[in-house]
Amino acid sequence: EFVIVDEYFRICFKEAKRIWKLTDGAFDPTVYPLVNAWGFGPNKKESLNQSKIDSILKFVGFDKMELLDSTIIKRDPRVSLDFNAFAQGYSVDVISRFLESKKIDSYIVEIGGEVYAKGRKNEFSTWKIGIEQPDENKETENPILAIVSLDGLAVATSGNYRKFIALENGIKYAHHIDPVTGYPAKNNLLSVSVFSKSCLVSDAMATAFLVMGLPKTLKYLKKHRNIDAFLIYSDEIGNYQTFKTDGLQSIIE
């Protein structure tokens, strides 16, 4: 059975494959069966053990799927795709391009917290967005930790402090699943805001960095200067610490 895909899908697939390679698999849109098994999809959390996770991992991996012209080819029929990790970011890009086509040169687009802004809000102010403090809650707004001026930039933020499940023994698991181990990523990186020219890229990279953890993320940012990031993490005694790349120094308060 063949599935013929449209241009929107082709863009998402090609960008996802590129970012999958760039991040050594930390960003992987085939991880959905694991997301579902851990209770972060539409289904309730399954009873999981190592053998169950190993059985799911057999059909996780973006190397098991290719796009040939407009047709998806799977090496294993059980492999599935989920672009939810950057769907909102890509939607921001689509709307931004539409506004550009109408010759609108000052605007801000926000979908689910992912943002692209260009031009100025008015003659007195640039477009500004807030990055919230990663206090652990699922309902209310958190205090603003930083304010950033945006002009021709996209920003997407991912965090481990709103979506989580608490198990019987009190352990909380965040919703970012490591596609290598099959387990939720456990590290001290609490929130990642990624700035680039594409909200799709920012959205996907924010997810990848939360899977990578702090040391690997810092190493990646040092090597790849085409994106900027603002990181919030906890130190050894549980206090908030922040890191920002050089490109943000002039636009972040």
Side-chain angles (χ1 to χ4, degrees), residues 15 19 22-23 26-27 85-93 96 108-121 125-137 140-164 174-176 185-253:
E15 277 296 276
I19 295 166
L22 270 176
T23 61
F27 176 81
F86 63 45
Q88 292 173 330
Y90 179 53
S91 300
V92 169
D93 289 340
S96 299
I108 187 167
V109 179
E110 183 269 337
I111 300 176
E114 323 307 359
V115 180
Y116 182 88
K118 184 182 177 183
R120 297 179 65 83
K121 182 178 181 181
S125 175
T126 56
W127 296 108
K128 295 180 186 293
I129 61 103
I131 298 173
E132 67 179 16
Q133 186 171 296
D135 292 336
E136 196 173 271
N137 69 71
T140 60
E141 291 185 1
N142 287 336
I144 299 299
L145 193 64
I147 296 174
V148 188
S149 297
L150 295 181
D151 182 5
L153 269 182
V155 59
T157 298
S158 272
N160 282 328
Y161 53 96
R162 283 197 186 277
K163 290 184 182 178
F164 55 83
H175 71 292
H176 294 90
K186 293 175 71 175
N187 59 68
N188 61 335
L189 194 50
L190 302 174
S191 172
V192 179
S193 298
V194 178
F195 299 77
S196 74
K197 297 295 183 183
S198 160
C199 205
L200 181 158
V201 171
S202 291
D203 212 356
M205 290 305 304
T207 298
F209 288 157
L210 280 172
V211 171
M212 287 183 190
L214 185 62
K216 287 184 179 178
T217 295
L218 292 173
K219 186 176 179 180
Y220 185 97
L221 290 168
K222 189 174 182 180
K223 185 178 178 182
H224 299 86
R225 302 286 184 165
N226 58 319
I227 61 172
D228 286 297
F230 182 77
L231 312 178
I232 307 172
Y233 61 96
S234 59
D235 61 20
E236 293 82 359
I237 57 173
N239 292 328
Y240 290 140
Q241 301 294 339
T242 63
F243 170 86
K244 57 188 172 186
T245 50
D246 293 342
L248 297 179
Q249 302 295 340
S250 62
I251 63 171
I252 199 164
E253 299 173 18

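Count residues from 1 along the sequence.
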query: Taking all atoms of both residues into account, what is the closest heavy-atom pair of L189 and L210, and its distance?
result: O-CD2, 3.5 Å

query: Under 3.5 Å, is there a donor-acceptor pair between the side chain of N188 and the main chain of S234?
result: yes

- request: Work out which heavy atom in E132 is nearest to a heavy atom in I232; give both atom names and the distance.
  value: O-CD1, 3.8 Å

statement: Applied to residues 198-210, the side chain to side chain donor-acceptor pair (under 3.5 Å) test, sequence neighbours excluded, yields D93-S198, S196-S202

Kindly list each side-chain donor-acceptor pair under 3.5 angstrom involving residues 244-253, sequence neighbours excluded, with atom names and distances?
from	atom 1	to	atom 2	distance (Å)
T245	OG1	D228	OD1	2.7
T245	OG1	A229	N	3.0
E253	OE2	K128	NZ	3.2

task: Look up atom OG in S96 and atom OH in Y90, then write down how far apart they are to the nearest 0.5 Å.
output: 12.0 Å

task: Determine the minimum heavy-atom distance between G152 and Y116, stating which atoms define it.
output: CA-OH, 3.5 Å

- prompt: Distance from C199 atom SG to E110 atom CD, nearest 0.5 Å?
  reply: 9.5 Å

- prompt: Are L231 and L218 close enough that some pair of their side-chain heavy atoms sits under 4.5 Å apart?
  reply: yes

query: Can you tell me how far CG of L190 sits from OG of S158, rounded to the nearest 0.5 angstrom?
result: 12.5 Å

Pairwise side-chain contact, V192 with T217, heavy-atom cut-off 4.5 Å (strictly under): no

statement: In this structure, CE of M205 is separated from CE of M212 (nearest 0.5 Å) by 5.0 Å

query: Are any of the side-chain heavy atoms of V155 and E114 separated by less than 4.5 Å?
result: no

query: Would a 4.5 Å heavy-atom cut-off, applied to side chains only, mark H224 and L22 as touching?
result: yes

query: If you take all heavy atoms of I19 and A204, which pair is closest and at what distance?
result: CD1-CB, 3.7 Å

task: Measure from the side-chain N and O atoms of D151 to the backbone N and O of G119, and report whether any donor-acceptor pair falls under 3.5 Å.
output: yes

message: So which atom in Q88 and which in I111 form the shortest heavy-atom distance, rounded to 0.1 Å?
response: CB-O, 3.8 Å

message: Give me the atom names and distance for the closest heavy-atom approach of A146 to F230.
response: CB-CZ, 3.9 Å

message: Let's go through L221 and I227 carefully: what are the C-alpha distance in whole Å and the side-chain angles of both, what is the deciding distance for side chain to side chain contact (heavy atoms under 4.5 Å, CB included) to 0.1 Å, and is it a yes or a no?
response: CA-CA 7 Å; L221 290 168; I227 61 172; 4.2 Å; yes

- request: Among residues two or more places apart or on two chains, list those pairs meeting ring pair (Phe, Tyr, Trp, His ring centres under 6.0 Å) that have a residue in residues 188-209.
  value: F209-Y220

